[in-house]
Amino acid sequence: MDVQNIKKVIIPVAGLGTRFLPLSLAISKEFLPLVDKPVIQYIVEEAKNSGIEEIVFVISPKQKMILNYFKGSPELEKILIKRKKDKILKELKDFDSTFEGIKFSFAVQKDPLGDGHALLQAYKMGGLGHSESVAVSFGDDIIDSSVPALAQLINIFQTCDAPVIALKQLPREKIPAYGSVVVEKIANNLYKIKKIIEKPQPDQIKSDFVIVGKYVLTPEVFDYLKKSKPSIKGEIILGEVFEEMLNDGKMVYGYEVKGEWLECGDKLKWLKSFMYMSLKDPVFGKDLKDYIKTFK
Ligand code: UTP
């Protein structure tokens, strides 16, 4: 077995973000802040710290913000130099340096036809080698951990050479809103996925695990995506494609990633993630905790 080093991640950010209306009419949810950085920056930093060298964003035709955000700020830099704003200039340079060594490319998803359809647009754009496996990170799931979540998945992928899905445990009553899995334990934190049930009924829930939006996908997953038919809702859903693979007897692994799962896909989850990051922030955390104590 060749050990493949994963150097590329696809980050789909072309969804509608309807759970954030009316805010999502003005900005896409990936640009909501956690303390002083947009969610997407945490996801990019996690990828970089996992050894990723190329990021392929899948964007909607009107998603211009992301193009601007990652292209550096030479004009602002010039103004700051002229005005001798050294401290802010350093902050800006530190920010720009977080993207050094990363190549960004962009695929456009004209219509929001599902997360699987978004991944296909990255594949069709070219640049993904035929025998190349890639990481995928959705634009609204952050894992706060010492070993970055994608690095955890990539390490496991290198030992099992089959698709790997990030998993987290949740209380049973929360699971019906997620992609749930039936699993067989193989080793510490590592599971063989036997079945995937999107948004299960309570009696269909067979484990405490749900799918987090982070994966390592093999070329075979893209072969299945290419031939998949849209669901009744007209979407191509990655979870359904995995289900087809499982029905054909293909191996798919699940790995329980270590770290705090900061979800940013709906208002309450984002508010909780905002609060978590703010309260542990080295600059603002203490003042915020003191402030909360004054609430009646
Ligand atoms: P979500 O399931 O969170 O859907 O997508 P959404 O459309 O973004 O949000 P809601 O449900 O309307 O509130 C998971 C990930 O897949 C991307 C999203 O941007 C997010 O990163 N996605 C989803 C696409 O890129 N294209 C799609 O057609 C659907």
Side-chain angles (χ1 to χ4, degrees), residues 9-32 34 38-44 46-47 55-67 69-70 104-125 128 134-143 149-150 165-168 170 174-180 196-200 210-215 217 221-222 225 228-243 261-273:
V9 66
I10 305 175
I11 306 183
V13 292
L16 291 172
T18 50
R19 284 169 287 174
F20 281 97
L21 281 169
L23 201 57
S24 51
L25 294 174
I27 59 166
S28 63
K29 64 180 172 182
E30 294 76 26
F31 280 94
L32 291 172
L34 291 185
V39 167
I40 194 68
Q41 194 180 329
Y42 291 87
I43 289 169
V44 166
E46 178 195 287
I55 294 180
V56 184
F57 286 112
V58 184
I59 57 174
S60 72
K62 56 179 188 162
Q63 169 63 285
K64 302 279 183 297
M65 208 178 261
I66 210 155
L67 295 170
Y69 188 78
F70 290 106
F104 292 101
S105 41
F106 299 87
V108 177
Q109 186 189 27
K110 279 202 204 114
D111 298 300
L113 298 178
D115 52 17
H117 181 265
L119 298 176
L120 262 183
Q121 307 318 299
Y123 185 85
K124 283 185 188 155
M125 189 185 74
L128 292 190
V134 289
V136 168
S137 197
F138 284 176
D140 51 8
D141 271 332
I142 296 169
I143 302 283
L150 284 186
I165 301 178
L167 301 176
K168 269 295 194 194
L170 281 184
K174 292 199 169 164
I175 292 182
Y178 291 79
S180 110
I196 294 178
I197 311 154
E198 288 290 334
K199 309 222 164 36
V210 297
I211 293 178
V212 178
K214 296 189 193 285
Y215 311 79
L217 302 185
V221 179
F222 287 92
L225 273 169
S228 67
K229 302 258 175 329
S231 65
I232 356 167
K233 287 197 219 150
E235 293 178 302
I236 297 178
I237 305 294
L238 181 61
E240 292 174 7
V241 169
F242 275 127
E243 189 53 31
W261 184 13
L262 302 178
E263 297 180 75
C264 298
D266 70 29
K267 291 173 189 173
L268 182 60
K269 287 171 184 158
W270 168 67
L271 286 168
K272 285 182 180 169
S273 299

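Both ligands and their constituent atoms are indexed starting at 1 by order of listing. Worth saying up front: this structure is predicted, and the values here are computed from it rather than measured. The basis for the numbers below is simple: all heavy atoms, side chains too, and nothing from hydrogens, waters or symmetry mates.
Proximity to Gly139 (heavy-atom distance under 4.0 Å) selects the following atoms of ligand 1: 21 (O). Of all atoms in ligand 1, listed by their number and element, those nearer than 4.0 Å to a heavy atom of Thr18 are 10 (P), 12 (O), 13 (O). Close approach of ligand 1 to Asp140 (heavy-atom distance below 4.0 Å) involves ligand atoms 3 (O). Set against the non-hydrogen atoms of Gln109, the atoms of ligand 1 under 4.0 Å away are 24 (C), 25 (O), 26 (N), 27 (C), 28 (O). Of all the atoms in ligand 1, the ones that sit under 4.0 Å from a non-hydrogen atom of Pro112 are 28 (O). Remark: ligand 1 atoms within the under-4.0 Å shell around heavy atoms of Val13 are 19 (O), 25 (O).
Between Phe20 and Trp270, the ring planes are perpendicular. Angles over 60° get that label, and only those under 30° would be called parallel.
Heavy-atom minimum distance, Ser24 versus Gly17: OG-O, 2.9 Å. Residues Val9 and Ser137 approach most closely at CG2-N, 3.8 Å, considering heavy atoms. When all heavy atoms of Leu150 and Tyr215 are compared, the closest pair comes out as CD2-O, 4.5 Å.
If you take CD on Glu30 and CD1 on Ile27, they are separated by 9.5 Å, rounding to the nearest 0.5 Å.
Annotation: Leu113 places an N or O atom under 3.5 Å from an N or O atom of ligand 1; distance criterion only. Between Gly17 and ligand 1, a contact under 3.5 Å exists for at least one N or O pair. Taking only nitrogen or oxygen atoms, main chain and side chain alike, Asp111 does not reach within less than 3.5 Å of ligand 1. In terms of polar-atom proximity, defined here as any N/O pair under 3.5 Å, Ala118 makes no such contact with ligand 1. The shortest N or O to N or O distance between Phe138 and ligand 1 is not below 3.5 Å.
The protein heavy-atom contact nearest to atom 16 (O) of ligand 1 is Asp115 CB, 3.9 Å. Distance from atom 5 (O) of ligand 1 to its nearest protein heavy atom, with residue and atom name: Lys29 NZ, 4.4 Å. Of the protein's non-hydrogen atoms, Gly15 CA, 3.7 Å is the one closest to atom 23 (C) of ligand 1. Nearest protein heavy-atom neighbour of atom 28 (O) of ligand 1: Gly114 N, 2.8 Å. Among protein heavy atoms, the minimum distance from atom 1 (P) of ligand 1 is reached at Arg19 NH2, 3.7 Å. When only non-hydrogen protein atoms are considered, atom 7 (O) of ligand 1 lies nearest to Leu16 N, 2.8 Å. Considering only non-hydrogen protein atoms, atom 25 (O) of ligand 1 sits nearest to Ala14 N, 2.8 Å. Nearest non-hydrogen protein atom to atom 21 (O) of ligand 1 is Pro12 O, 2.7 Å.
In this structure, Gly213 does not count as a contact residue of ligand 1, since none of its heavy atoms falls inside 4.0 Å of the ligand. Distances shorter than 4.0 angstrom occur between a heavy atom of Glu30 and an atom of ligand 1. Assignment of His117 to the shell around ligand 1 is not supported, since no heavy atom sits closer than 4.0 Å.
One N or O on the side chain of Glu243 and one on the backbone of Ile196 form a donor-acceptor pair closer than 3.5 Å. Between the side chain of Asp266 and the backbone N or O of Leu268, at least one donor-acceptor pair lies under 3.5 Å. Between the side chain of Asp115 and the backbone N or O of Leu238 there is at least one donor-acceptor pair closer than 3.5 Å. Under the 3.5 Å distance criterion, the side-chain polar atoms of Lys233 are left unmatched by any main-chain donor or acceptor of Pro230.
Take Pro38 and apply the side-chain contact (heavy atoms from CB on, under 4.5 Å) test, not counting sequence neighbours, and it matches Phe31, Ile40, Gln41, Tyr69.
With Glu263 as reference, Lys269 is the one residue of Lys29, Lys272, Lys269 to meet the salt bridge (charged side-chain N to carboxylate O under 4.0 Å, His left out) rule.
Judged by distance alone, the side chains of Glu235 and His117 never bring a donor and an acceptor atom under 3.5 Å apart.
The existence of a salt bridge linking Lys214 and Glu46 is confirmed by a sub-4.0 Å separation between a basic side-chain nitrogen and an acidic carboxylate oxygen.
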